[in-house]
Visitor: 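My questions all concern the structure below.
In what follows, every chain begins at residue 1, and chains take the letters A, B, ... in the order their sequences are listed.
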There are 2 protein chains.
Amino acid sequence: MSTACDHHEEHQHHGLRGAALAAALTSAEARCAATQERLTAPRRRVLELLLGADAPLKAYDLIAAFGDRGEPAKPPTVYRALEFLERLGFAHRIESLNAYVPCRIEGAHVAAFLICDCCGEAAEVQPDLAAQVRAMARATGYEVRGVTLEAHGLCAGCRP
Amino acid sequence: MSTACDHHEEHQHHGLRGAALAAALTSAEARCAATQERLTAPRRRVLELLLGADAPLKAYDLIAAFGDRGEPAKPPTVYRALEFLERLGFAHRIESLNAYVPCRIEGAHVAAFLICDCCGEAAEVQPDLAAQVRAMARATGYEVRGVTLEAHGLCAGCRP
DNA sequence: CGTTCACCGTTATGAAATAACATAACCGCT
DNA sequence: AGCGGTTATGTTATTTCATAACGGTGAACG
Ligand SMILES: [Zn+2]
Ligand SMILES: [Zn+2]
Ligand SMILES: [Zn+2]
Ligand SMILES: [Zn+2]
């Protein structure tokens, strides 16, 4: 992102570091192994970058940061990894930002976000709207297969 | 979109034609006049194209179709018009498609769509989720300024 | 009548995503 | 070990989507 706020630096400490990061990656490996999927090197690297970030990352942020010593990745490498991570529920794409976040919620869920337009924070929440949308859809014979819900506004730390 | 279905041609007749289209444009002019805004030629043309379409249109679809005799518009012309139409509530951007639709709902509202991944239809609906999201937001001190809600799935006409 | 401001046309470029094809690793099987 | 189907990656190039920047035009307002 770009519009980082200067006030309130402390409310951006969402990125995992050190042991917590390693634990999250190990957990992801385990979940993959349990479903016959492979957390290969590029997939693991992209997940690591997402988990360590303080805000949603754009695909080209990931491309630029991919290499250990500054060498960028090729776009398909990162896009394929993101596709995998989304498919397994390790990451979500935020459509209104063209950006990606690691999933912060256990188990199956509809991804929903409260996005701060000031500091870039994107908090994942679990609204009970699946039922609502499904009801509305059923009234018209529509079959829901996925829902994108993204609220924009200001987080508590950035409010005037 | 591209993956138009071959079955059920008749459920795509959403585009306005002739008198209905003219009436909608006249109504838009009136609404603009009432708020000191101007529905200039390019803005009116883009709105006309959106109103006449059977499905969400991409920006470059609009750019290609802009001229009366096949001459395309320049990208900024169309993007500026879209920005204006969105600002006044005449059109909505569908983030998950990078596409635009004319607004089909009177008055102020949260835009929400049931999108058919088969035929491309995007039905605008009015869920009662503003309250829910606002409640969840308030619990954390978040101030909502806008909500994007887009469901993907299959419309009644495209279901197996 | 001159200033102002919103709007427009135009050129160029930046940013995001994918197509297409070749190569390599993995896996279960003989 | 050797094979063959499958899955994943490497690489190049292109397409798609969106905006920056600048100068010109014309209505609006005193
Ligand atoms: Zn999640
Ligand atoms: Zn904030
Ligand atoms: Zn609407
Ligand atoms: Zn359909």
Side-chain angles (χ1 to χ4, degrees), chain A residues 1-3 28-29 32-50 55-68 71-88 90-101 120 148, chain B residues 1-3 28-29 32-47 49-50 55-68 71-88 90-101 120 148 150:
Chain A
M1 280 263 67
S2 34
T3 53
E29 300 245 31
C32 282
T35 57
Q36 317 285 355
E37 301 278 1
R38 298 155 54 203
L39 190 64
T40 58
R43 293 166 176 177
R44 183 186 168 100
R45 176 57 175 152
V46 169
L47 178 56
E48 180 184 17
L49 289 169
L50 289 176
L57 290 182
K58 302 221 167 209
Y60 276 72
D61 294 339
L62 292 163
I63 287 167
F66 187 87
D68 284 330
E71 337 83 83
K74 303 294 170 64
T77 301
V78 165
Y79 278 104
R80 286 165 180 159
L82 288 170
E83 182 185 8
F84 171 87
L85 294 173
E86 273 201 272
R87 182 162 59 79
L88 267 67
F90 289 123
H92 300 293
R93 170 179 169 86
I94 300 184
E95 297 286 350
S96 58
L97 296 177
N98 292 351
Y100 300 83
V101 289
T148 297
Chain B
M1 281 256 70
S2 35
T3 54
E29 299 245 32
C32 283
T35 56
Q36 317 285 355
E37 301 277 1
R38 298 157 54 201
L39 190 64
T40 58
R43 293 167 176 178
R44 182 186 168 100
R45 175 58 175 153
V46 169
L47 178 56
L49 289 169
L50 290 176
L57 290 182
K58 305 224 167 206
Y60 275 72
D61 294 338
L62 292 163
I63 287 166
F66 187 87
D68 282 330
E71 337 83 83
K74 304 294 170 61
T77 300
V78 164
Y79 279 103
R80 285 165 181 158
L82 287 171
E83 182 185 9
F84 171 86
L85 295 173
E86 273 200 275
R87 183 162 57 80
L88 267 69
F90 289 123
H92 301 293
R93 171 179 169 87
I94 299 185
E95 297 287 351
S96 58
L97 296 178
N98 292 352
Y100 300 84
V101 289
T148 296
E150 299 166 10

Visitor: Hey, is the side chain of B:Lys74 poking within less than 4.0 Å of OP1 or OP2 on C:dT10, counting only N and O atoms?
Guide: yes
Visitor: Kindly compute the distance separating CZ (A:Phe84) from CG (A:Leu47), expressed to the nearest 0.5 Å.
Guide: 9.0 Å
Visitor: Salt bridge (Lys or Arg N to Asp or Glu O under 4.0 Å) between B:Glu83 and B:Arg80: does it pass, once the steps are laid out?
Guide: CA-CA 5 Å; B:Glu83 182 185 9; B:Arg80 285 165 181 158; over 6 Å; no
Visitor: C:dA16 C1' sits how many Å from A:Leu57 CG, rounded?
Guide: 15 Å
Visitor: Rounded to whole Å, how long is the line connecting atom OH of A:Tyr79 with atom P of D:dT9?
Guide: 17 Å
Visitor: Mind running a 4.0 Å heavy-atom check of residues 35-45 of chain A against DNA chain C and sending the residues that fall below it, in number order?
Guide: A:Arg38
Visitor: B:Thr77 and B:Pro42: which non-hydrogen atoms are nearest, and at how many Å?
Guide: CG2-CB, 4.0 Å
Visitor: Nearest whole angstrom, please: distance from the C1' of D:dA18 to the CG of B:Asp61.
Guide: 15 Å
Visitor: Looking at D:dC17, D:dT19, C:dA17, which one has an atom nearest to any side-chain atom of B:Asn98?
Guide: D:dC17
Visitor: In whole Å, I'd like the distance from the CG atom of A:Leu62 to the P atom of C:dA15.
Guide: 16 Å
Visitor: Distance check needed: D:dT19 C1' versus B:Glu83 CD, whole Å only.
Guide: 11 Å
Visitor: Restricting to non-hydrogen atoms, name the atom on B:Leu85 and the atom on B:Arg43 that form the minimum distance, rounded to 0.1 Å.
Guide: CD1-O, 4.0 Å
Visitor: Please determine if a side-chain N or O atom of B:Lys58 lies less than 4.0 Å away from the OP1 or OP2 oxygen of D:dC17.
Guide: yes
Visitor: As a quick check of understanding, evaluate side-chain contact (heavy atoms from CB on, under 4.5 Å) for A:Asn98 and A:Arg93, giving each step before the final call.
Guide: CA-CA 7 Å; A:Asn98 292 351; A:Arg93 170 179 169 86; 3.1 Å; yes
Visitor: Ignoring hydrogens, what is the shortest heavy-atom contact between B:Tyr60 and B:Pro75? Give both atom names and the distance.
Guide: OH-CG, 3.5 Å
Visitor: Of all the heavy-atom pairs spanning B:Phe66 and B:Arg45, show the shortest one and how long it is.
Guide: O-NE, 2.8 Å
Visitor: Output, in order, the C-alpha distance, side-chain angles, deciding distance and verdict of side-chain contact (heavy atoms from CB on, under 4.5 Å) for A:Glu37 and A:Leu88.
Guide: CA-CA 9 Å; A:Glu37 301 278 1; A:Leu88 267 67; 3.8 Å; yes
Visitor: May I have the distance from A:Ile94 (atom CD1) to C:dA16 (atom C1'), rounded to whole angstrom?
Guide: 16 Å
Visitor: Identify the pairs formed between an N or O of the protein and an N or O of nucleotides 21-23 of chain D at a distance under 3.5 Å, and give each distance.
Guide:
unit_1: D:dA21; atom_1: N6; unit_2: B:Arg80; atom_2: NH2; d: 3.2

Visitor: Give a yes or no on whether the backbone of B:Ile94 and the side-chain of B:Glu150 come within a donor-acceptor separation of less than 3.5 Å.
Guide: no
Visitor: Heavy atoms only: give me the nearest A:Ala91-A:Leu50 pair and the separation to one decimal.
Guide: CB-CD1, 3.8 Å
Visitor: Could you report the tightest heavy-atom contact between B:Leu39 and B:Cys32, atom names first, then the distance?
Guide: CB-SG, 3.9 Å
Visitor: Provide, to the nearest angstrom, the distance between the CD1 atom belonging to B:Ile63 and the C1' atom belonging to C:dG9.
Guide: 14 Å
Visitor: Measure the distance between the ring centre of B:Tyr60 and the centre of the six-membered base ring of D:dC17, then answer whether it is under 5.5 Å with planes under 30°.
Guide: yes
Visitor: At how many degrees, to 10°, do the end axes of the helix from C:dC1-D:dG30 to C:dT30-D:dA1 meet when each uses five pairs?
Guide: 30°
Visitor: Send over the distance from B:Leu97 CG to D:dT16 C1', rounded to a whole Å.
Guide: 14 Å
Visitor: In Å, rounded to the nearest 0.5 Å, how long is the span from CG of A:Leu57 to CG of A:Leu62?
Guide: 5.0 Å
